[in-house]
Amino acid sequence: MSARLASAARFTFPSITDIMAISTLDAPAPTKDTFPINGTDYIEFYVGNAKQASHYYRAAFGFHLVAYRGPETGCRDRASYLLQQDKIRFVLTTAIRPDLSDDARRIADHVHRHGDGVRDIALWVDDARDAFAKAVERGAVAVQLPTVMSDDHGEIVIASFRIYGETVHSLVERRNYSGLFMPGYRTVTPYFAPPAAGLKYVDHCVGNVELGRMNHWVEFYSHVLGFRNLLTFDDKTISTEYSSLMSKVMANGNDRIKFPINEPASGKRKSQIDEYLDFYQGPGVQHMALATDDIIATVTTLRDRGVEFLSVPTTYYDELQGRIGKIDEPVGDLAKLGILIDRDPDGYLLQIFTKPVEDRPTIFFEIIQRKGAKSFGAGNFKALFEAIEREQGLRGNL
Ligand code: FE2
């Protein structure tokens, strides 16, 4: 191991006073929700090969293929696979004929530039027209005007606006729709259906933005979507000898949606956020956290199916009880799997992070189990940061 990596492997924790000093944990919920959102509707990825990507998420992560749209359903230029696990919906979309339409060309261009990536974090709202009008009035840049799609099951209204990079939020209204997902999709009952892995819902989605742009997007979520700043991590809390980052966690009116925004901070070497920005060629979604009720069982299943996770130094588990207090899970089991533990004033949380799920060091997943904790701990954030930096060093990008 090089001196640099050996040094990076020493794990230090911020003290509880550090954590509280940089937190705005007690920020009161707004008395009136100025942009009501029911939850995450779906996350759409633009990918190079949706057939193969869908197989990965089914075989490794336990998603079920439930619907499909493509040439066989009358859509000539692209194909989309709807995957579901409990409340989580992923749509994997690829261009088949970029020469046939602007939509297909946009998908192909997105993949060319970013690799496989998240295009759309779609939000479920009661009234898409009203929500879209409010967002645009408050400064959001429109991508798709409210559009009605209908079939025998009723109609869906969908509209979208831009966020960081080429990412968008669609607003999806389903109150007059009784179908499975959306007009144009055909239900699929595949013979290949691996058991689910216990993933329940999207806990949070993290965006990486350029140096100096974090506060722009914090202000955007605050002003346009009525979110509040739940938590702030500054560059002193999340740093190593070599690099650092800053992060602010934004939460919506009912706290169901959490969007942390990261930006790189200056250091002796390239920040991992810069590495992401280089390889994604711009801002975008860095990771999505998927919640489980039993992280030991879920992570054991995912590992058995080939999902690769980041590891932490064994020193992380030294005197864990002294730092975190009593927890229900056997520490030996957590250490064996590399699961991180942290605490906030309401309880504790268990987290682990996958390696990037594609060749570019861009998108990865987090598996999270909350035991009372509603927020995020600085200790885990720092452990994640250091684990990524070790991998970044191995890739020659530090
Ligand atoms: Fe996270």
Side-chain angles (χ1 to χ4, degrees), residues 42-61 63 70 77-83 88 90-99 102-122 143 160 162-170 202 205-211 213 245 259-264 270-290 306-310 353-366 384 387-389 391-398:
Y42 61 87
I43 294 172
E44 183 169 23
F45 299 71
Y46 283 172
V47 300
N49 185 336
K51 179 178 268 192
Q52 289 193 5
S54 74
H55 191 82
Y56 173 70
Y57 285 107
R58 293 159 68 194
F61 282 84
F63 281 83
D77 57 344
R78 63 209 131 117
S80 294
Y81 295 72
L82 171 65
L83 306 179
I88 309 166
F90 285 171
V91 177
L92 306 177
T93 295
T94 196
I96 295 176
R97 287 286 302 268
D99 56 317
D102 289 345
D103 280 345
R105 188 160 46 249
R106 187 169 42 75
I107 295 162
D109 287 348
H110 196 279
V111 173
H112 176 71
R113 187 169 155 85
H114 304 297
D116 290 4
V118 171
R119 162 67 176 179
D120 189 357
I121 303 169
V143 172
S160 62
R162 284 183 62 164
I163 52 170
Y164 42 76
E166 290 195 87
T167 321
V168 306
H169 283 318
S170 282
V202 177
C205 277
V206 181
N208 282 346
V209 301
E210 311 94 319
L211 179 63
R213 294 292 284 169
L245 65 74
F259 292 141
I261 315 274
N262 298 333
E263 77 170 33
K270 181 189 277 190
S271 165
Q272 60 190 244
I273 307 303
D274 283 318
E275 186 196 33
Y276 174 98
L277 296 170
D278 285 351
F279 282 84
Y280 199 74
Q281 295 194 42
V285 171
Q286 178 208 39
H287 77 266
M288 287 144 279
L290 310 177
V307 176
E308 296 178 306
F309 290 94
L310 295 178
F353 302 86
T354 72
K355 291 185 179 180
V357 291
E358 54 191 70
D359 295 295
R360 298 193 197 198
T362 52
I363 290 181
F364 61 90
F365 289 93
E366 169 184 338
L384 164 68
I388 295 179
E389 194 172 274
E391 299 280 322
Q392 198 185 339
L394 294 174
R395 290 190 284 264
N397 294 330
L398 183 60

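Computation of the quantities below employed the complete heavy-atom set of this structure, encompassing side-chain atoms and omitting hydrogens, waters and symmetry-equivalent molecules.
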Q. Does I261 reach the side chain of Y164, with side-chain heavy atoms less than 4.5 Å apart?
A. yes

The reported gap from CG in L245 to CG in L211 (rounded to nearest 0.5 angstrom) is 11.5 Å

D109 meets the salt bridge (Lys or Arg N to Asp or Glu O under 4.0 Å) criterion, sequence neighbours left out, with none

With sequence neighbours left out, the residues meeting salt bridge (Lys or Arg N to Asp or Glu O under 4.0 Å) with R213 are none

Residue set satisfying salt bridge (Lys or Arg N to Asp or Glu O under 4.0 Å) with R119, at least two apart, ordered chain then number -> none

Taken in chain and number order and not counting sequence neighbours, the residues that satisfy side-chain contact (heavy atoms from CB on, under 4.5 Å) with A79 are Y68, Y81, T94, I96

Residues pairing under side chain to side chain donor-acceptor pair (under 3.5 Å) where one sits in residues 353-362, two or more places apart or in two chains, turn out to be E358-T362

Residues at least two apart in sequence or cross-chain that pass side-chain hydrogen bond (donor to acceptor under 3.5 Å, both in side chains) with D274, listed by chain then number, are none

| said: Could you check whether any side-chain heavy atom of L398 comes within less than 4.5 Å of a side-chain heavy atom of E389, counting everything from C-beta outward? | reply: yes

Worksheet item: Less than 4.5 Å apart, any side-chain heavy atom of L290 and any of V202?
Response: yes

Minimal heavy-atom distance between A387 and L310, with the atoms involved, is CB-CD1, 4.0 Å

side-chain contact (heavy atoms from CB on, under 4.5 Å) filter on A95, not counting sequence neighbours, yields P98, A104, I107, A108

(request) Evaluate side-chain contact (heavy atoms from CB on, under 4.5 Å) for Y46 paired with E166, printing each intermediate quantity in order. (result) CA-CA 11 Å; Y46 283 172; E166 290 195 87; over 6 Å; no

CD (E44) and CD1 (I121) are apart, to the nearest 0.5 Å, by 12.0 Å

Q: In sequence, state the C-alpha distance, the side-chain angles, and the governing distance for M288 and V118, and then conclude on side-chain contact (heavy atoms from CB on, under 4.5 Å).
A: CA-CA 10 Å; M288 287 144 279; V118 171; 3.8 Å; yes

Looking only at heavy atoms, the pair that brings V209 and P264 closest together is O-CD, 3.3 Å

When every non-hydrogen atom of S80 is compared with those of V91, the smallest separation belongs to CB-CG1, 4.0 Å

Taken in chain and number order and not counting sequence neighbours, the residues that satisfy side-chain contact (heavy atoms from CB on, under 4.5 Å) with Y56 are A60, F61, V357

Could you tell me whether the side chain of P283 reaches within less than 4.5 Å of the side chain of T167, counting heavy atoms only?
no

(Q) Walk me through whether D120 and S160 qualify under side-chain contact (heavy atoms from CB on, under 4.5 Å). (A) CA-CA 9 Å; D120 189 357; S160 62; 5.5 Å; no

CG of D77 to CZ of R97, rounded to nearest 0.5 Å, is 9.5 Å

Sequence neighbours excluded, the answer for salt bridge (Lys or Arg N to Asp or Glu O under 4.0 Å) partners of R162 is none

Side chain to side chain contact (heavy atoms under 4.5 Å, CB included) test vs H287 passes for just one of F365, Y276, F364, namely F364

By side-chain hydrogen bond (donor to acceptor under 3.5 Å, both in side chains), Q281 pairs with (sequence neighbours left out) none

Salt bridge (Lys or Arg N to Asp or Glu O under 4.0 Å) pairs touching residues 275-288, sequence neighbours excluded, are K270-D278, E275-R395

Hits for side-chain hydrogen bond (donor to acceptor under 3.5 Å, both in side chains) against Y280, two or more places apart or cross-chain, chain-then-number order -> none

In this structure, CG of L83 is separated from OH of Y42 (nearest 0.5 Å) by 14.0 Å

Worked check of side-chain contact (heavy atoms from CB on, under 4.5 Å) between I363 and D116:
CA-CA 8 Å; I363 290 181; D116 290 4; over 6 Å; no

